[in-house]
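Note sheet for the following structure.
Bear in mind the structure is a predicted one, so any value in this text is a computation, not a measurement.
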Amino acid sequence: MLRKLQNPITEEYKAFKDLVLSIYFPWMWFPNATPNLEVDDAYSKIGIYYHTFLYRPDGPDSPGYPVQQSAHLPSAAKIVTNILDSNGVQLNCILRISANCVHAGKEVVDSPPHYDHDFEHKNLIVYLNDSDGDTFVEGERSVFEEDKAVLFSGKHYHRTPTDGRRIVLVATFV
């Protein structure tokens, strides 16, 4: 289910990563990253900073197709397509691209397991900084490692970092 991909780490990737990690990159706050899920004692509602490059086709305000939300979408999409192309992963349509940032809290907690869409799709996560806050997919664990790219489908969740920020690029596609 979980597959580590080769990240070509191009000059464009380095520039994009520098932008996202800079003090000038705009973030939006959302107090609950998975608002439509009930949370039991094993999981916690986690607040998240996000920057949407491409808004999901199935979002509450979506017209039914992905919509550009950021001037940085061309760079983000290029990063996604470069990684998928270099690994021979077929891409038909990108559904969503977002940068997500989760801060460490008083204790390490897990977000609720979830799917990003209610239909079949694949997920790509690229870990952009030196942090922790692993990703779990259907019982498999992806250890957070800067510049690592992972491909998966299925129900997943993440762990909050022990210190600092967990910053990832997330893309969903068919």
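Ser153 places no side-chain N or O within donor-acceptor distance of the main-chain N or O of Lys122, the cut-off being under 3.5 Å.
Annotation for Tyr127 and Val168: closest pair CD2-CG1, 3.6 Å, computed over non-hydrogen atoms. Between Tyr55 and Asp61, the closest heavy-atom pair is OH-N, 3.5 Å.
Each salt bridge (charged side-chain N to carboxylate O under 4.0 Å, His left out) pair with one or both residues in residues 158-172, not counting sequence neighbours, appears once here: Asp110-Arg159. Applying the salt bridge (charged side-chain N to carboxylate O under 4.0 Å, His left out) test to every pair with at least one member in residues 127-137, sequence neighbours left out, gives these pairs: Asp134-Arg141. The salt bridge (charged side-chain N to carboxylate O under 4.0 Å, His left out) contacts involving residues 7-16 comprise Glu11-Lys14, where partners must be two or more places apart or lie in separate chains. Sequence neighbours left out, the pairs with a member in residues 72-113 that pass ring-ring contact (aromatic ring centres under 6.0 Å, His included) are Tyr49-His103.
For the ring-ring contact (aromatic ring centres under 6.0 Å, His included) test, residues two or more places apart in sequence or in another chain that qualify with Phe53 are Phe16, His51. In this structure Tyr65 satisfies the ring-ring contact (aromatic ring centres under 6.0 Å, His included) test with no other residue, sequence neighbours excluded. Under the side chain to side chain donor-acceptor pair (under 3.5 Å) criterion, Ser98 pairs with Asn100, sequence neighbours left out. Looking at residues two or more places apart in sequence or on another chain, you find a side chain to side chain donor-acceptor pair (under 3.5 Å) between Lys17 and Glu146, Asp147. In terms of the ring-ring contact (aromatic ring centres under 6.0 Å, His included) criterion, residue partners of Tyr157 (sequence neighbours excluded) are, by chain and number, Tyr43, Phe136. For Gln90, the side chain to side chain donor-acceptor pair (under 3.5 Å) partners are Asn92, not counting sequence neighbours. Scored by the ring-ring contact (aromatic ring centres under 6.0 Å, His included) test, Tyr13 finds no partners at all (sequence neighbours excluded).
With contacts defined as side-chain heavy-atom distances shorter than 4.5 Å, the pair Val137/Ser142 does not qualify.
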If you look only at distance, which donor and acceptor atoms sit under 3.5 Å apart when one is on a side chain in residues 73-81 and the other is two or more places apart or in another chain?
from  : atom 1 : to    : atom 2 : distance (Å)
Thr81 : OG1    : Ala77 : O      : 3.1
Thr81 : OG1    : Lys78 : O      : 3.1

